[in-house]
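Heads up, the thing below is written out as structure tokens.
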Amino acid sequence: MIHNYLLAHGRAVKCIRENAKTEPKIGIAPIAPVRIPKSDSAEDIEAARKESFSLNDMFFSLALYSDPIVLGKYPEDAYEMFGEEMPVVKPGDMEIISQPLDFYGMNIYYSAANDVDEGYRANEYTGIPRNALGWVIDPRVMYWSPKFVYERYGLPILMTENGMAVNDTVSLDGKVHDPQRIDFMNRYLREYKRAGEDGVPLMGYLYWSAMDNFEWAHGYDMRFGLIHVDYRDQTRIIKDSGYWFKSVIESNGDNI
């Protein structure tokens with residue numbers, strides 16, 4: 001399945017480049033957790049980097065999808081894990097799969113850690129901040145994720161998704177006040193900006209999402225939007241976070 005997916009991707013890239021009327025910017029956005037170092041020691045950073053591209057969670061492995069596309073080969077541990085179940089790579093397959101890309105897209109919502117301490121992941125603790133879905137809020141992921149990925153693949157980073165589910169309500173004043181989301185975005189964008197200051201080329205940042213909408217695993221109850229939607233009559237209200245993000249866009253991030 002993965003090999004066919006990769007071939008389809010490569011053919012799509014080739015088709016776009018051959019037929020686009022204007023010069024396209026093409027990338028891909030695999031979804032997988034990048035591990036957060038337990039500390040700033042060189043040993044912990046290297047352990048997190050190695051784990052970020054491991055196949056421990058094989059169907060959410062960055063390397064399993066990205067190495068063929070960017071590096072033109074499957075990671076070595078894929079052959080160790082799958083053995084004779086690995087697909088037969090026919091002549092020309094990797095040339096199709098590894099069509100040149102302009103950027104690497106990343107969808108980041110929460111961080112991950114690879115070691116457990118007293119029943120919790122190393123980057124968790126009792127009472128740690130979480131969003132409405134229970135996902136850990138840890139802004140450091142916006143620094144380490146782009147950094148590790150750029151070091152391995154050398155492509156500019158486009159943050160294609162990042163956001164926070166909040167139990168938003170319309171207040172008595174008719175507005176939607178969501179200070180938690182503003183604080184989340186501010187903290188995460190600061191770490192993303194720090195990655196850029198450390199040499200990672202950042203193409204941009206896309207918040208998920210403009211409006212409250214259908215969340216694939218939880219329906220309409222989880223609200224990620226910068227604009228509140230009343231699903232009964234489609235009334236829409238720009239949340240405080242929407243106005244805040246407007247100021248970020250106007251300043252090109254200088255006010256973060």
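In what follows, residues are counted from 1 in the order of the sequence shown.
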May I ask you to decide if the ring planes of [X] and [Y] are parallel, tilted or perpendicular, using 30° and 60° as cut-offs?
X	Y	value
F224	W135	tilted
Y153	Y104	parallel
W144	F148	tilted

Show the numbers, then the answer: is there a side chain to side chain donor-acceptor pair (under 3.5 Å) between D93 and H3? CA-CA 9 Å; D93 278 4; H3 192 67; 2.9 Å; yes
Dump the intermediate steps for side chain to side chain contact (heavy atoms under 4.5 Å, CB included) on I137 and F184, then the final yes or no. CA-CA 8 Å; I137 296 174; F184 172 94; 4.0 Å; yes
What are the two closest non-hydrogen atoms of [X] and [Y], and how far apart are they?
X	Y	value
V34	S145	CB-OG, 3.2 Å
S61	L55	OG-CD1, 3.5 Å
P156	M203	CB-CE, 4.4 Å
P30	G105	CD-O, 3.8 Å
M185	S241	SD-CB, 4.4 Å
Q99	G10	CG-O, 3.4 Å

Short question: side chain of [X], backbone of [Y] - any donor-acceptor pair under 3.5 Å?
X	Y	result
S171	G174	no
R236	H228	no
D212	G225	yes
D183	P179	no
R152	S66	no
Y231	N213	yes

Can you tell if the side chain of [X] reaches within under 4.5 Å of the side chain of [Y], non-hydrogen atoms only?
X	Y	answer
M159	M142	yes
V149	P146	no
K14	I96	no
I2	L64	yes
L226	K239	no
W216	M222	no
L155	F103	no
V141	E191	no

[X] with [Y], same ILVMFWY side-chain cluster at under 4.5 Å:
X	Y	value
V176	Y220	no
I108	L158	no
V229	Y243	yes
I97	L71	yes
L101	I157	yes

Pairs meeting criterion ring-ring contact (aromatic ring centres under 6.0 Å, His included) with involvement of residues 5-43, two or more places apart: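 Listed by first then second residue: Y5-Y65.
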Residues 75-89 side chain polar contacts: donor-acceptor under 3.5 Å, at least two apart:
none

Would you tabulate the side-chain donor-acceptor contacts of residues 244-256 under 3.5 Å, counting partners in other chains and residues two or more places apart, or write 'none'?
| from | atom 1 | to | atom 2 | distance (Å) |
| --- | --- | --- | --- | --- |
| K246 | NZ | E250 | OE2 | 2.6 |
| S247 | OG | W244 | O | 2.5 |
| S247 | OG | N255 | ND2 | 3.2 |
| S251 | OG | S247 | O | 3.3 |
| S251 | OG | V248 | O | 3.2 |
| S251 | OG | G253 | N | 3.4 |
| S251 | OG | D254 | N | 3.3 |
| S251 | OG | N255 | N | 3.3 |
| S251 | OG | N255 | OD1 | 2.8 |

Quick one: do R187 and Y192 satisfy side chain to side chain donor-acceptor pair (under 3.5 Å)? Show the steps, please. CA-CA 9 Å; R187 291 175 187 269; Y192 188 49; over 6 Å; no
[atom1] of [X] to [atom2] of [Y]: how many Å apart, nearest 0.5 Å?
X	Y	atom1	atom2	result
M106	I28	CE	CD1	13.0 Å
L62	R35	CG	CZ	10.0 Å
M211	S209	CE	OG	7.5 Å
I238	I227	CD1	CD1	5.5 Å
R130	L133	CZ	CG	11.5 Å
L189	R194	CG	CZ	13.5 Å

Can you name the side-chain hydrogen bond (donor to acceptor under 3.5 Å, both in side chains) partners of R49, sequence neighbours left out?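 So R49 forms a side-chain hydrogen bond (donor to acceptor under 3.5 Å, both in side chains) with E46, E151.
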Go through the steps to decide whether Y109 and E161 satisfy the test side chain to side chain donor-acceptor pair (under 3.5 Å), and finish with yes or no. CA-CA 8 Å; Y109 293 93; E161 286 187 32; 2.4 Å; yes
State whether D178 and R223 are salt-bridged, where the test is any N-O pair (Lys NZ or Arg NE/NH1/NH2 against Asp/Glu carboxylate O) under 4.0 Å.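 The answer is no: the pair does not qualify as a salt bridge.
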More than 12 heavy atoms of other groups within 6.0 Å of D40 CG: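 Atom CG in D40 is not packed in, count stays at 12 or less.
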Within a radius of less than 6.0 Å around CD of E43, do more than 12 heavy atoms belonging to other residues, nucleotides or ligands occur?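 Atom CD in E43 is not crowded, with 12 or fewer foreign heavy atoms closer than 6.0 Å.
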Quick test of your reading: applying salt bridge (Lys or Arg N to Asp or Glu O under 4.0 Å), list the pairs with at least one residue in residues 22-33, sequence neighbours left out, ordered by first then second residue.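 For residues 22-33: none.
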Please report the C-alpha distance between D173 and K175 in whole Å, then the side-chain angles of each, then the deciding distance to 0.1 Å, and finally whether the salt bridge (Lys or Arg N to Asp or Glu O under 4.0 Å) criterion is met. CA-CA 6 Å; D173 61 4; K175 299 179 180 180; 5.3 Å; no
Can you list every side-chain hydrogen bond (donor to acceptor under 3.5 Å, both in side chains) pair that touches residues 195-205, not counting sequence neighbours?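 For residues 195-205: Y143-D198, N162-Y205.
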Is it the case that H177 and D240 place a side-chain donor and acceptor less than 3.5 Å from each other?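 Judged by distance alone, the side chains do pair up.
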